[in-house]
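Atoms within each ligand, like the ligands themselves, are counted from 1 in listed order.
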Amino acid sequence: MTTATKDQLDVERIRADFPILATILHAKAGTAGVPLAYLDNAATTQRPRQVVQSMVDVYEKHYANVHRGIHWLSDQSTDLFEEARGKVAAFIGSASTEQVIFTHGATESINLVARSWGDANLKSGDEILLTEMEHHANIVPWQQAAARTGAVVRFLPITDDGRLTLDKFDEYLTPRTKLVAVAAVSNVLGTINPVQEIIARAHAAGALVMVDAAQSVPHTKTDVTALDADFLAFSGHKMLGPTGVGILYGKRELLEAMPPFMGGGSMIRRVTTSGFEPAELPARFEAGTPPIVPAIGLGAAIGYLNTIGIDAIHEHELRLTRVAHEVLTAVGGVRFLGPDPEHKSGIVSFTLEKVHAHDIAQLLDRQGIAVRAGHHCAMPLHKRLGITASSRASFYFYNTTEEVERLGRALEEIKRIFRRK
Ligand code: 7TS
C-alpha cells in the first residue's frame, strides 16, 4: 500500500462493528453474489452494534416516559435521556445543555426556527438570504415563512465549480436581511462553506445565521460557541444514530424570546382554561413525548464517534474523496459537481456522458454499490448547474479505498456498456 492510499483508521476493525456492511447482494443459485459497498451516507449512515445495543438496553431495562412519573424507571430513562443531551452539547461545544433541543430531525429543527422565530420576527419587506446550494429542507420552510409574513427569500449565487460567491455576499447582505440560512456542507457538491466568515459578516450587518449542519456535524469538528452560530440544525441518523431524532441548537437569548413551536404536554409551566405559560428551555420546545430511545441512541452514537475521533474521521473521508476524484477522472467523460477535493467533504456527485443518473445507480447496484441518483432534494442547485439529475457517492469513516476503486471500475464497465448501445 502506498502512503497516499493507506487508511490511518483501522477500518477493518471498525467494520466489524457494523454487521450490515458485510452484506452480500444478488447471490443466486450457483453465484457468489457481490459484497455491498455502501456509498450513500449523505442520505443516512449505518449504525454500529454498540448503538443498536444501547437502545435494546433501554427497552429491556430502563424504559419509561421521561419527566413524568415519579417512579424508579422514569427516573432511569430521564437520566439517560438528559445524559444524551449532555453528550450532544459537549460534542457541538454548546455552553449549556438547555440550548440543545431534541427534535425529530434537521427538517423539523429548521421548521421550528422558521415558524417560531420567523413568524415573531419577520415582516413585509424583510429578507432571508439563502444560497443556491441549499437542501429543500433549508429552502421550503423559509418560502413558507415568507408567504406568511411578506418577507422575501433571496439566494446567494454559487460559482460554476460550486462554491459560494463570497465577493457578492455584502451586496446580498442588505439592511433588510434578517437571517442568513446556509448549509455548512452541501449535500450534493460536498463544498465546505466558510461558515465562520459568513457568520461574522452577517452579524456585522445585523443579521442572524441559521446553520444547516446536517452534512457537517457527523464529519467535522463543530463548535457552536466558537462559530458564534445563532441556530444550528442536524439529524441523528446521518451520524450513526437512529432516525426520528434531530437537534436544534440556539443561542439562549434567542430561544428564550421565541414562542413555542408546538403546543402540548411538557412544554408548559401552567395551563388554565384561559391560556398557558410556556416552560423554560429546553422543555419549551419539546412538546409531547420526545424521541426518548432515539435520543439515547444518538448519545451512544456520539460516544462511538468520540472513540474514533472526529478529526481522524474527517481526514479519512478527505482521502477517500481524493481517491474518488482520481479514479473517476480516469474513467473519462465524468463531470464532477462541486469544487476540487481540497474544498470539499466526503461527497462526490457527478454525471457521466450519455448515461442517465438513474441508469448509473441501477447498474452500480447490480455490482453491490449503493449510491443515490436524482436531484438529492436540491432542485434549484441542479437547475443552476443546467442538469436535472446527478449520481452521488458519499462516504463515511467505515468506507475503504477499495470500495472507491470498485466504484471506478464499475463506472468504466457502465461506460463500455453504453458505448456499445
Ligand atoms: N439539510 C441537509 C444539508 C441535508 O443533506 C438533509 C438531508 C437535510 C437537511 C434534512 O435532513 P432530515 O434528516 O431531516 O431528512 N439530506 C439527504 C440527502 O442528501 N439524501 O437524503 C437525505
Side-chain angles (χ1 to χ4, degrees), residues 38-47 88 92 101-115 130-144 155-156 158 162-164 180-193 195 198 209-220 222 229 231-249 261 291 294-295 297-298 301 317 321 337-338 344-350 357-358 361 370-382 385 389-396:
Y38 185 77
L39 306 180
D40 193 16
N41 293 287
T44 195
T45 60
Q46 301 300 338
R47 42 212 49 65
V88 175
I92 62 169
I101 316 285
F102 280 120
T103 65
H104 294 87
T107 301
E108 186 186 311
S109 302
I110 298 169
N111 275 276
L112 191 166
V113 178
R115 278 268 173 190
L130 313 181
T131 83
E132 284 182 334
M133 67 170 84
E134 298 310 311
H135 185 281
H136 296 166
N138 200 28
I139 299 176
V140 181
W142 302 113
Q143 291 172 328
Q144 292 174 307
F155 290 85
L156 182 68
I158 58 166
R163 299 168 70 187
L164 293 179
V180 177
V182 59
V185 169
S186 158
N187 71 312
V188 177
L189 307 167
T191 315
I192 300 173
N193 288 321
V195 175
I198 290 169
V209 180
M210 156 105 229
V211 182
D212 175 355
Q215 300 290 353
S216 63
V217 164
H219 306 278
T220 54
T222 303
F231 300 108
L232 185 134
F234 57 99
S235 289
H237 69 94
K238 292 185 201 288
M239 51 190 291
L240 312 182
T243 54
V245 63
I247 298 295
L248 174 68
Y249 161 85
F261 168 46
L298 174 57
E317 291 166 9
T321 295
L337 311 188
K344 66 200 235 179
S345 175
I347 295 177
V348 178
S349 296
F350 58 93
H358 286 116
V371 301
R372 187 173 170 186
H375 53 64
H376 318 297
C377 300
M379 288 175 91
L381 172 64
H382 278 74
L385 299 172
S390 58
S391 305
R392 179 184 70 185
S394 51
F395 313 125
Y396 214 10

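- Within the structure, the closest approach of Cys377 to ligand 1 does not fall below 4.0 Å when heavy atoms are considered.
- Atoms of ligand 1 lying under 4.0 Å from at least one heavy atom of Thr107, given by number and element, are 10 (C), 11 (O), 12 (P), 14 (O), 15 (O).
- In summary, the atoms of ligand 1 found under 4.0 Å from a heavy atom of Ser235, numbered by their order in the structure, are 11 (O), 12 (P), 13 (O), 14 (O).
- Side-chain atoms of Ser235 come within 3.5 Å of backbone atoms of Ala106 as a donor-acceptor pair (strictly under, hydrogens ignored).
- Applying the 4.0 Å criterion to heavy atoms of Ala214 picks out, from ligand 1, the atoms 1 (N), 2 (C), 4 (C), 9 (C).
- Between His382 and His376, the two ring planes are tilted [angle within 30° to 60°].
- A donor-acceptor distance shorter than 3.5 angstrom exists from the side chain of Glu134 to the backbone of Ala183, with no hydrogens or angles considered.
- Listed by number with element, the atoms of ligand 1 under 4.0 angstrom from any heavy atom of Asn187 are 5 (O), 18 (C), 19 (O).
- Within 6.0 Å of atom CZ in Arg115, 12 or fewer heavy atoms from other residues, nucleotides or ligands are found, so the atom counts as exposed in its surroundings.
- With a 4.5 Å cut-off on side-chain heavy atoms, Pro291 and His104 count as touching.
- Taking a cut-off of under 4.0 Å to the non-hydrogen atoms of Gln215, the atoms of ligand 1 that pass are 3 (C), 4 (C), 5 (O), 16 (N), 19 (O).
- Nearest non-hydrogen protein atom to atom 7 (C) of ligand 1 is Lys238 NZ, 2.8 Å.
- A 4.5 Å side-chain heavy-atom check between Ile247 and Val217 finds every atom pair outside the cut-off.
- Contacts with ligand 1 closer than 4.0 Å are made by side-chain heavy atoms of His237 only, the backbone lying farther away.
- Counting heavy atoms from C-beta outward, Phe231 and Val209 have side chains that stay 4.5 Å or more apart.
- Across all their heavy atoms, Met210 and Leu248 have their closest contact at CE-CD1, 4.3 Å.
- In terms of protein heavy atoms, atom 4 (C) of ligand 1 is closest to His135 CD2, 3.4 Å.
- In summary, the side chains of Thr103 and Ser109 do present a donor paired with an acceptor at a separation below 3.5 Å, with no hydrogens or angles considered.
- Ranked by closest heavy atom to atom 21 (O) of ligand 1, the top entry among His376, Met133, Arg372, His375 is Arg372.
- Within the 4.0 Å heavy-atom shell around ligand 1 one does not find Glu134.
- By the 4.0 Å heavy-atom criterion, Arg392 is counted among the residues contacting ligand 1.
- For Asp212, the closest heavy-atom approach to ligand 1 falls below 4.0 Å.
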